[in-house]
J.: 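Quick one: structure below, then a few questions.
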2 protein chains.
Amino acid sequence: MARPKKEDEKDIPTLAVAVAQRLLEEGGQAQVTMAQVADAVGCSAPALYTHFRNRDALLRAVHDAGFEQLLRDKLAVAVRTQGDSFARLREGGLAYMAFALENPALYRLMFNPPPLPELEGNPFSGDVGLRSLELLENAVKAAQADGFLPDDEPAQIAFTLWSLVHGAASLMIQNRAPLTGCDPARTGREVVDTAMRLIASTRSKGTRYRTP
Amino acid sequence: MARPKKEDEKDIPTLAVAVAQRLLEEGGQAQVTMAQVADAVGCSAPALYTHFRNRDALLRAVHDAGFEQLLRDKLAVAVRTQGDSFARLREGGLAYMAFALENPALYRLMFNPPPLPELEGNPFSGDVGLRSLELLENAVKAAQADGFLPDDEPAQIAFTLWSLVHGAASLMIQNRAPLTGCDPARTGREVVDTAMRLIASTRSKGTRYRTP
DNA sequence: CCATTAATTTAATATTGTTAAGTTTAAAGT
DNA sequence: ACTTTAAACTTAACAATATTAAATTAATGG
């Protein structure tokens, strides 16, 4: 049956990414085989190679879609926290944590990818990654202007805060968190709040911040 | 020639773990094939199955050896920072970061393992992990007694601090750190110092801490 | 000295990513 | 409208790698 008629045409690239993400979340990396994906899409495995150079490229596409979703989430936070730097940091952290815990396998692919050349590239060299990072740096600057946080380089502080939330998410997702028997979502929120308490206690005396 | 004579006997388990770790560090997970390991050990691939149930079990052994090494490093720090809680936190963080950056692939296997059943278990349910964790919690308690840090659960704070250092290490190792063009070792130290500055600024007024 | 067991080897199997060769449809040129 | 070309597939073949089976040799305990 070779090439399909127009009516039977499928948007294989889009379908494949969606299917791959679902399989990923359901059964982990190992379950994302080309045959499985093709099956769920409704084509044969080699057909995928018309649209993706190889399996890694398919995973890379899922990876990229994840970063786009994360950026959308963060933009939404930025919109609804206009003017309150402290809340923006807190809600940004919570949204990030929620994304990670709700899509653990995807998050893993994004931030703890298997060491494949395709996934080595730094996402922050791309547009999506950069804008996501800008959002955090601006929040840090605003918080500094409001008297929070040490007066270090905003980029350095942004990296430190990102590290904290990412680290907690990463440890929890991969069952490396020492706190056992707790609801992960709750633990995640507590980590963010612990961090925010740390940040709150750095407020300088003659502060320009006023709770809105 | 089937079974080797006594003189030709090799300690395959030990050799295999060492070889696997080297291959891992040299070329990443993908290079750790049973054939490669066997070659470097000087036996054939199926021989490995006498000592390890399968490839995952071999990786698990490397993983465990990593945790033992990390614990040794942390114990050394604890010994040389007796009595100074702040220094213990700082040097503990630096040692952890150094371990991660010097053995990136091993660290990855320990904390961002591929999602295999063998590696799912929580290392902190084992003896080595628990002792490593105790060290940090005790350091937190000591720091609190010296007037640092919020008065939350030590376990919660320990997790938050661990998350921070782990997160930074993880991001840098996997090329997800936004700070480009910097020496990773230097960036790692800066993260620890930024965190310590945050901690320092949490010191309550009537502090019991005095710089030694 | 013999029987059993342990440690290996080579050979065979299974799974999975990937490539090759062939087929059908769509699109473009005349 | 007809021919040609290219695109999007399919099935069949290939290659690499983990794993298992069968066969072989050395140690060990009676």
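These values consider heavy atoms only, across backbone and side chains, with no hydrogens, waters or symmetry-generated copies. In the text below, chain A, chain B and the rest are named by the order of the sequence lines, each starting its count at 1.
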J.: Could you state the atom-to-atom distance from CD1 of B/Ile12 to C1' of C/dA7 in whole Å?
T.: 8 Å
J.: Using the salt bridge (charged side-chain N to carboxylate O under 4.0 Å, His left out) criterion, which residues pair with A/Arg53? Sequence neighbours excluded.
T.: A/Glu118
J.: Does B/Glu68 pair with B/Arg72 as a salt bridge, N-O distance under 4.0 Å?
T.: no
J.: Respond yes when some side-chain nitrogen or oxygen of B/His51 is under 4.0 Å from OP1 or OP2 of C/dA7, and no when none is.
T.: no
J.: Just by distance, do the side chain of A/Asn175 and the backbone of B/Glu120 share a donor-acceptor pair under 3.5 Å?
T.: yes
J.: Applying the side chain to side chain contact (heavy atoms under 4.5 Å, CB included) test to B/Leu106, which of B/Gln69, B/Gln21, B/His63 qualifies?
T.: B/Gln21
J.: Of all residues at least two apart in sequence or in a different chain, which pass the ring pair (Phe, Tyr, Trp, His ring centres under 6.0 Å) check with B/Phe99?
T.: none
J.: For B/Phe52 and D/dA18, what is the distance between atoms CZ and P respectively, to the nearest whole Å?
T.: 15 Å
J.: Produce a footprint string for nucleotides 14-21 of chain C: one letter per nucleotide, 5' end first; B if the base is under 4.0 Å from any protein heavy atom, S if only the sugar-phosphate is, - if neither.
T.: ---SBB--
J.: Between C/dA6 atom C1' and B/Leu48 atom CG, what is the distance in whole Å?
T.: 16 Å
J.: To the nearest Å, how far apart are B/Leu59 CG and D/dA18 C1'?
T.: 12 Å
J.: Taking atom C1' of D/dT17 as reference, at what distance in whole Å does atom CG of B/Leu58 sit?
T.: 14 Å
J.: Is the shortest side-chain N/O distance from A/Ser44 to OP1 or OP2 of D/dT10 below 4.0 Å?
T.: yes
J.: So for atom CZ, which belongs to B/Arg55, do other residues, nucleotides or ligands contribute more than 12 heavy atoms lying within a distance under 6.0 Å?
T.: yes
J.: Show every ring pair (Phe, Tyr, Trp, His ring centres under 6.0 Å) that has at least one partner inside residues 116-138 of chain B, sequence neighbours left out.
T.: B/Phe124-B/Trp162
J.: Which is it for A/Tyr107 and A/His166 under the side-chain contact (heavy atoms from CB on, under 4.5 Å) test, yes or no, and what are the steps along the way?
T.: CA-CA 10 Å; A/Tyr107 186 83; A/His166 159 70; 2.6 Å; yes
J.: Between C/dA26 atom P and A/Lys10 atom NZ, what is the distance in whole Å?
T.: 14 Å
J.: Please, which pairs that meet side-chain hydrogen bond (donor to acceptor under 3.5 Å, both in side chains) have at least one residue in residues 23-47 of chain A, sequence neighbours excluded?
T.: A/Arg22-A/Glu26
J.: Could you write out DNA chain D as dot-bracket? Rules: Watson-Crick or G-U wobble, both distances under 3.5 Å, brackets [ ] for crossings, | for pairs with another strand, dot for unpaired.
T.: ||||||||||||||||||||||||||||||
